[in-house]
Amino acid sequence: MEIYSFFKEHNFDTLYFNNTFGEDENSRDVKIKKLFDKRSFSYKTFTDQILFEPGSIRTIENKPYSVFTPFKRKWLENFNIDLLDIEYKYVPKNKKILNSNINNFDFNSPNDSRLSQWELGEEGAKKILKNFLKNKVKRYNEDRNDPIIEGTSRISPYLALGILSSKRCILEALKLNDLDIHSGNKGILKWIDEIVWREFYRNIMHSFPKVSKGKPFQEYTDNINWRYDESEFQAWKNGRTGFPIIDAAMRQMNQEGWMHNRLRMVVAMFFTKNMLHDWRLGEKYFMESLIDGDFSSNNGGWQWSASTGTDAAPYFRIFNPITQSKNFDKNGEFIKKYIPELKDLDASVIHEPPSNIRDHLNYPQPILDLKESRLRAIEAFKNAKDIA
Ligand SMILES: Cc1cc2nc3c(=O)[nH]c(=O)nc-3n(C[C@H](O)[C@H](O)[C@H](O)COP(=O)(O)OP(=O)(O)OC[C@H]3O[C@@H](n4cnc5c(N)ncnc54)[C@H](O)[C@@H]3O)c2cc1C
């Protein structure tokens, strides 16, 4: 094995590595551990992506949790500030200059305007975190659902890529709350809750490997007879469905590589329920388009929206995109920002423009009827349940 020869060649005394998630990654690491055990070489592993060892938060019956609220309760019960002991200054051991083939790699990033909109590296990530904690976190519980306000941290790409850790985020937030994780400022506590969602989905991925293999968590949903219509799929991807809030959200992702959480739920539910398309297609398109693409959170979010996952929305609870639009983008400012064709429309019509105005502005007619498609989805889920 290459890693082993490399280790021996340089006469190292210990191999250090961070635990990863996922079937293949895990079996690779197990192989390495076995090899090192066999040769009596030492290695040390760390859990850096989440606070607790994956799979270690368990029910009284010693089972992994599959519902978020009790998982969070247990997570909070087990929380100890020592878990955030990350400010220790490690002294580097003697340096060795290693030969490397790094120059053979082509690091020229494609000319992608999505990349230039994000700060680079750890220093950039810390700057974003600092700014969010200083100016926004205390209002997070009120502002987090309103896409035009930008009331969330936008720290997700840095967490997904391992540039910043969830430990760092929680520690810095708790410093503003007297290191209290149970009570205090509602915005701070709500924000930490969201980071616990991330921990929850990573635990699901660890404890239920089927979700990494394209399988739904709720097995009966494998019987759903999903539709496929190429022109509808393209309209959804390109922000041309004729539903302004859906189209604005998809255009936000296509332009910035990021989408607001509320809108991720709205577009994913529209895709899997109203369009009745297989959640795996939407999940894949998100992974290809998002800068914060993260397997466990993306899979968890898609399966939640499709009602195929853990703790999922019941299949008959289907968001109406027009109601969502009126509730969370009341004046249509978000729609206007991403759909310039509609920028002069009044808030009274922007959520559902009349047919003649659409034609005039070259904005598409709706690709489907909301009422009919809702009933079609409920029927498909009911049938799948009956077969199971
Ligand atoms: C269909 C769908 C797909 C998603 N795909 C991804 C993805 O690929 N990568 C990703 O990081 N998140 C994903 N999410 C979760 C969530 O939408 C994003 O984490 C969030 O929008 C990132 O913005 P933020 O950093 O401003 O979040 P904030 O609101 O500031 O939250 C702080 C951090 O908490 C975590 N977090 C927040 N909400 C969730 C959540 N619902 N589930 C898991 N973690 C959460 C994220 O790491 C986030 O950066 C998805 C959600 C849905 C519904």
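Note that the structure is a prediction, hence the values are computed from the model and not measured. Side-chain atoms are counted along with the backbone in the values below, which use heavy atoms only and exclude waters and symmetry mates. Both counts, for ligands and for their atoms, begin at 1 and track the order of listing.
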Nearest neighbour in protein (non-hydrogen) for atom 30 (O) of ligand 1: S153 OG, 2.6 Å
Option nearest atom 12 (N) of ligand 1 (shortest heavy-atom distance, choices S297, A160, G301, G293): S297
Whether W258 lies under 4.0 Å from ligand 1, heavy atom: yes
Shortest heavy-atom approach to atom 51 (C) of ligand 1 - which of M269, R264, M259: R264
Charged N-O contact under 4.0 Å between E150 and K136: no
Protein contact of atom 53 (C) of ligand 1 - nearest heavy atom, named by residue and atom, plus distance: M265 CG, 3.6 Å
Numbered atoms and elements of ligand 1 in range of L290, under 4.0 angstrom, heavy atoms: 8 (O)
Aromatic ring pairing Y43/F36, orientation class (parallel under 30°, perpendicular over 60°, tilted between): perpendicular
Protein heavy atom at shortest distance from atom 32 (C) of ligand 1: W191 NE1, 3.2 Å
Protein contact to atom 11 (O) of ligand 1 [nearest heavy atom, distance to 0.1 Å]: D292 O, 3.7 Å
Distance from atom 5 (N) of ligand 1 to nearest protein heavy atom, with residue and atom: N298 OD1, 3.1 Å
Parallel, tilted or perpendicular: rings of Y228 and H277 (30°, 60°): tilted
Side chains of S296 and R202, donor plus acceptor under 3.5 Å: yes
Parallel, tilted or perpendicular: rings of H260 and W258 (30°, 60°): perpendicular
Interfacing atoms of ligand 1 (cut-off 4.0 Å, heavy-atom, L159): 47 (O), 49 (O)
Nitrogen or oxygen of R154 less than 3.5 angstrom from that of ligand 1: yes
Ligand-residue contact atoms, ligand 1 with Y140, heavy atoms, under 4.0 Å: 28 (P), 29 (O), 31 (O)
Top protein contact for atom 38 (N) of ligand 1, by heavy-atom distance: E194 OE1, 3.2 Å
Identity and separation of the nearest protein heavy atom to atom 22 (C) of ligand 1: S156 OG, 3.3 Å
Geometric class of the Y220/F381 ring pair [parallel <30°, tilted 30-60°, perpendicular >60°]: perpendicular
Side chain to side chain donor-acceptor pair (under 3.5 Å) between D294 and Y201, intermediate numbers included: CA-CA 10 Å; D294 174 279; Y201 284 138; over 6 Å; no
Heavy-atom proximity to atom 41 (N) of ligand 1, best of I128, I155, N261: N261
Residue portion contacting ligand 1 (non-hydrogen atoms closer than 4.0 Å) for D294: both
Geometric class of the F68/W197 ring pair [parallel <30°, tilted 30-60°, perpendicular >60°]: parallel
Stacked cation flag R280 on W302, 6.0 angstrom / 45 deg: no
Atom 33 (C) of ligand 1 [closest protein heavy-atom partner, distance rounded to 0.1 Å]: I195 CG1, 4.0 Å
Polar contact flag, side-chain donor to acceptor under 3.5 angstrom, S166-Q49: no
Residues D247 and Y363: side-chain donor-acceptor under 3.5 angstrom: yes
Y201 and ligand 1 - part of the residue with a heavy-atom distance under 4.0 Å: side chain
